[in-house]
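Right, one structure below, let's go through it.
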Amino acid sequence: MPGTVASILENKGHAVHRIGPDETVFDAIGKMVRNNVGSLLVMDGDRIVGILTERDYLRRVALEGRSSRTTPVREIMTLDVVYVGPQHTIEDCMAIMTARRIRHLPVIDEGRLVGLVSQGDLVKRLAADRQVEIDTLRDYIAGSYPG
Ligand code: AMP
(Lines give C-alpha, C1' and ligand atoms only; values in the text may rest on other atoms or scores of the structure.)
Protein backbone atom coordinates (compact mmCIF):
# COMPACT_ATOMS: atom_id res chain seq x y z
CA MET A 1 0.00 0.00 0.00
CA PRO A 2 1.43 3.41 -0.96
CA GLY A 3 1.99 5.77 1.94
CA THR A 4 2.45 3.02 4.51
CA VAL A 5 5.35 1.86 6.64
CA ALA A 6 5.44 -1.33 4.53
CA SER A 7 6.11 0.71 1.38
CA ILE A 8 9.00 2.56 3.08
CA LEU A 9 10.55 -0.74 4.18
CA GLU A 10 10.26 -2.09 0.64
CA ASN A 11 12.72 0.60 -0.50
CA LYS A 12 14.81 0.96 2.60
CA GLY A 13 15.16 -2.70 3.56
CA HIS A 14 14.51 -4.55 6.78
CA ALA A 15 17.83 -4.29 8.60
CA VAL A 16 17.73 -2.97 12.17
CA HIS A 17 20.97 -2.07 13.92
CA ARG A 18 21.01 -3.53 17.39
CA ILE A 19 23.08 -3.86 20.56
CA GLY A 20 22.99 -6.01 23.70
CA PRO A 21 22.00 -4.48 27.08
CA ASP A 22 25.31 -5.44 28.70
CA GLU A 23 27.52 -3.95 26.02
CA THR A 24 29.10 -0.59 26.84
CA VAL A 25 27.78 2.77 25.71
CA PHE A 26 31.19 3.28 24.06
CA ASP A 27 30.58 0.24 21.83
CA ALA A 28 27.06 1.49 21.10
CA ILE A 29 28.29 4.91 19.97
CA GLY A 30 30.94 3.25 17.79
CA LYS A 31 28.25 1.12 16.17
CA MET A 32 26.00 4.14 15.52
CA VAL A 33 28.85 6.11 13.96
CA ARG A 34 30.08 3.21 11.79
CA ASN A 35 26.57 2.54 10.50
CA ASN A 36 25.65 6.21 10.23
CA VAL A 37 22.46 5.82 12.33
CA GLY A 38 21.06 7.65 15.36
CA SER A 39 19.54 4.72 17.23
CA LEU A 40 20.09 1.10 18.18
CA LEU A 41 17.45 -1.34 19.26
CA VAL A 42 18.53 -3.05 22.48
CA MET A 43 17.93 -6.78 22.18
CA ASP A 44 18.48 -9.67 24.55
CA GLY A 45 18.50 -12.51 22.04
CA ASP A 46 15.21 -12.21 20.15
CA ARG A 47 13.60 -10.02 22.80
CA ILE A 48 13.42 -6.22 22.49
CA VAL A 49 14.40 -4.80 25.88
CA GLY A 50 14.88 -1.13 25.02
CA ILE A 51 16.02 1.52 22.58
CA LEU A 52 19.10 3.72 22.67
CA THR A 53 19.51 6.93 20.69
CA GLU A 54 22.08 9.71 20.40
CA ARG A 55 19.86 11.76 22.67
CA ASP A 56 20.23 9.24 25.53
CA TYR A 57 23.97 9.64 25.23
CA LEU A 58 23.70 13.44 25.40
CA ARG A 59 21.31 13.45 28.34
CA ARG A 60 22.52 10.56 30.45
CA VAL A 61 26.22 10.27 29.68
CA ALA A 62 27.66 13.55 28.43
CA LEU A 63 25.56 15.77 30.69
CA GLU A 64 25.44 13.58 33.80
CA GLY A 65 29.18 12.83 33.72
CA ARG A 66 29.02 9.04 33.27
CA SER A 67 31.84 7.25 31.48
CA SER A 68 30.83 5.71 28.16
CA ARG A 69 33.59 3.06 28.50
CA THR A 70 32.20 1.62 31.75
CA THR A 71 28.46 2.37 31.53
CA PRO A 72 26.36 -0.52 30.17
CA VAL A 73 23.67 0.24 27.61
CA ARG A 74 20.93 -1.00 29.99
CA GLU A 75 21.69 1.89 32.37
CA ILE A 76 20.78 4.63 29.91
CA MET A 77 18.37 3.00 27.42
CA THR A 78 14.61 3.74 27.27
CA LEU A 79 12.65 0.70 28.44
CA ASP A 80 9.15 1.22 27.01
CA VAL A 81 9.62 0.96 23.28
CA VAL A 82 6.95 2.58 21.12
CA TYR A 83 6.51 0.74 17.83
CA VAL A 84 4.29 0.61 14.74
CA GLY A 85 3.03 -2.06 12.33
CA PRO A 86 3.62 -2.22 8.55
CA GLN A 87 0.04 -1.06 7.94
CA HIS A 88 0.53 2.27 9.73
CA THR A 89 0.60 5.31 7.46
CA ILE A 90 3.35 7.91 7.20
CA GLU A 91 0.95 10.43 8.81
CA ASP A 92 0.36 8.00 11.73
CA CYS A 93 4.12 7.77 12.29
CA MET A 94 4.61 11.55 12.11
CA ALA A 95 1.81 12.02 14.66
CA ILE A 96 3.31 9.46 17.05
CA MET A 97 6.80 10.93 16.72
CA THR A 98 5.52 14.45 17.32
CA ALA A 99 3.35 13.49 20.31
CA ARG A 100 6.06 11.35 21.97
CA ARG A 101 9.01 13.50 20.87
CA ILE A 102 10.85 10.56 19.34
CA ARG A 103 12.49 10.10 15.96
CA HIS A 104 12.69 6.33 15.65
CA LEU A 105 9.98 3.67 15.39
CA PRO A 106 10.68 -0.06 15.21
CA VAL A 107 8.23 -1.97 13.04
CA ILE A 108 6.67 -5.14 14.45
CA ASP A 109 4.60 -7.51 12.31
CA GLU A 110 2.81 -10.35 14.10
CA GLY A 111 5.29 -10.19 16.97
CA ARG A 112 8.32 -10.16 14.67
CA LEU A 113 10.73 -7.25 14.22
CA VAL A 114 10.66 -6.39 10.50
CA GLY A 115 12.38 -3.00 10.33
CA LEU A 116 12.70 0.52 11.72
CA VAL A 117 11.61 3.88 10.35
CA SER A 118 13.28 7.12 11.34
CA GLN A 119 12.04 10.68 11.03
CA GLY A 120 14.57 11.02 8.19
CA ASP A 121 12.97 8.11 6.30
CA LEU A 122 9.54 9.74 6.61
CA VAL A 123 10.74 13.16 5.47
CA LYS A 124 12.56 11.59 2.51
CA ARG A 125 9.40 9.76 1.45
CA LEU A 126 7.17 12.83 1.87
CA ALA A 127 9.59 14.93 -0.19
CA ALA A 128 9.64 12.28 -2.96
CA ASP A 129 5.80 12.08 -2.96
CA ARG A 130 5.55 15.89 -3.20
CA GLN A 131 7.96 15.91 -6.15
CA VAL A 132 5.81 13.36 -8.00
CA GLU A 133 2.77 15.55 -7.29
CA ILE A 134 4.56 18.68 -8.57
CA ASP A 135 5.77 16.90 -11.73
CA THR A 136 2.25 15.57 -12.42
CA LEU A 137 0.69 19.04 -11.98
CA ARG A 138 3.41 20.60 -14.13
CA ASP A 139 2.77 18.07 -16.93
CA TYR A 140 -0.97 18.68 -16.60
CA ILE A 141 -0.57 22.48 -16.84
CA ALA A 142 1.88 22.16 -19.74
CA GLY A 143 -0.62 19.89 -21.53
CA SER A 144 -3.62 22.12 -20.80
CA TYR A 145 -2.02 25.40 -21.80
CA PRO A 146 0.25 24.62 -24.74
CA GLY A 147 2.45 27.23 -26.19
P1 AMP B 1 15.11 10.29 19.50
O2 AMP B 1 14.43 11.59 19.25
O3 AMP B 1 14.57 9.16 18.65
O4 AMP B 1 16.61 10.38 19.47
O5 AMP B 1 14.72 9.82 20.99
C6 AMP B 1 14.47 10.72 22.06
C7 AMP B 1 14.25 9.89 23.34
O8 AMP B 1 13.16 8.98 23.15
C9 AMP B 1 15.41 9.00 23.77
O10 AMP B 1 15.41 8.91 25.17
C11 AMP B 1 15.10 7.65 23.16
O12 AMP B 1 15.64 6.55 23.87
C13 AMP B 1 13.60 7.63 23.21
N14 AMP B 1 13.03 6.91 22.07
C15 AMP B 1 13.35 7.04 20.76
N16 AMP B 1 12.62 6.23 19.97
C17 AMP B 1 11.80 5.56 20.83
C18 AMP B 1 10.81 4.55 20.67
N19 AMP B 1 10.44 4.08 19.48
N20 AMP B 1 10.19 4.08 21.80
C21 AMP B 1 10.53 4.55 23.02
N22 AMP B 1 11.43 5.48 23.24
C23 AMP B 1 12.08 5.99 22.17
Side-chain angles (χ1 to χ4, degrees), residues 1-140:
M1 273 262 280
T4 61
V5 165
S7 74
I8 292 184
L9 294 183
E10 258 170 44
N11 286 324
K12 169 189 176 180
H14 297 265
V16 179
H17 298 288
R18 54 190 79 187
I19 187 110
D22 296 321
E23 293 185 60
T24 65
V25 170
F26 186 80
D27 287 339
I29 302 166
K31 207 167 207 180
M32 285 193 215
V33 171
R34 277 195 307 279
N35 292 292
N36 208 17
V37 295
S39 77
L40 296 172
L41 206 56
V42 187
M43 301 200 59
D44 197 356
D46 277 348
R47 209 162 52 88
I48 298 172
V49 293
I51 188 163
L52 183 79
T53 78
E54 295 159 323
R55 198 157 288 186
D56 297 314
Y57 174 78
L58 283 181
R59 285 177 184 155
R60 301 183 188 137
V61 178
L63 208 58
E64 292 181 8
R66 286 183 171 91
S67 160
S68 63
R69 285 187 186 269
T70 54
T71 304
V73 165
R74 66 164 73 250
E75 215 173 295
I76 66 159
M77 68 188 187
T78 301
L79 293 170
D80 276 334
V81 180
V82 180
Y83 57 87
V84 289
Q87 78 289 351
H88 276 93
T89 65
I90 294 171
E91 284 75 16
D92 292 335
C93 295
M94 297 283 252
I96 294 169
M97 286 184 182
T98 306
R100 313 288 289 246
R101 294 179 176 265
I102 57 180
R103 292 171 295 180
H104 301 90
L105 287 171
V107 187
I108 311 279
D109 189 16
E110 293 176 1
R112 224 164 38 87
L113 175 68
V114 293
L116 183 141
V117 290
S118 71
Q119 201 171 60
D121 297 328
L122 300 178
V123 170
K124 199 163 135 190
R125 168 53 70 91
L126 284 177
D129 289 351
R130 292 295 170 268
Q131 193 56 50
V132 169
E133 213 170 305
I134 289 166
D135 291 346
T136 308
L137 286 171
R138 199 171 273 156
D139 288 350
Y140 173 74

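Order of appearance sets the numbers: ligands from 1, and atoms from 1 within every ligand. All values below were derived from every heavy atom in this structure, side-chain atoms included, with hydrogens, water molecules and symmetry-related copies excluded.
For the pair L122 and I8, the tightest heavy-atom approach, listed with the atom from each and the gap, is CD2-CD1, 3.6 Å.
Taking each of L52, T53, I76, I51 in turn, the one with a heavy atom nearest to atom 4 (O) of ligand 1 proves to be T53. Residue nearest to atom 13 (C) of ligand 1, selected from T78, V84, V81: T78 (by heavy-atom distance).
Heavy atoms of H104 approach ligand 1 to within less than 4.0 angstrom. Residue contact check for ligand 1: M77 places no non-hydrogen atom closer than 4.0 Å to it. Heavy atoms of P106 approach ligand 1 to within less than 4.0 angstrom.
L105 has its side chain out of reach of H88: every pair of non-hydrogen atoms, C-beta onward, lies at least 4.5 Å apart.
Rounding to the nearest 0.5 Å places NZ of K124 at 12.5 Å from CD1 of I90.
Of the residues listed (D92, V5, I108), the one engaging V84 in a side chain to side chain contact (heavy atoms under 4.5 Å, CB included) is V5, and it is the only one.
Regarding atom 21 (C) of ligand 1, its nearest protein heavy-atom neighbour is D80 O, 3.1 Å. The protein heavy-atom contact nearest to atom 1 (P) of ligand 1 is R103 NE, 3.5 Å. For atom 20 (N) of ligand 1, the closest non-hydrogen atom of the protein is V82 N, 2.7 Å.
Which parts of ligand 1 touch D56 is read off a 4.0 Å heavy-atom cut-off, strictly below it: atoms 9 (C), 10 (O), 11 (C), 12 (O).
Between the side chain of D56 and the backbone N or O of T53, at least one donor-acceptor pair lies under 3.5 Å. Distance alone, capped at 3.5 Å, places no donor-acceptor pair between the K31 side chain and the V37 backbone. Here the side chain of D139 pairs no donor or acceptor atom with the backbone of T136 at under 3.5 angstrom. Put simply, the side chain of R60 gets close to the backbone of I76: a donor and an acceptor are under 3.5 Å apart.
The shortest N/O to N/O separation between E54 and ligand 1 does not fall below 3.5 Å.
A side-chain donor-acceptor contact under 3.5 Å links R125 and S7.
Proximity of S39 to ligand 1, defined as any heavy-atom pair under 4.0 Å, is not found for any part of the residue. Both the backbone and the side chain of I102 come within contact range of ligand 1, each with a heavy atom under 4.0 Å. Looking at R59 against ligand 1, only its side chain comes within 4.0 Å, counting heavy atoms.
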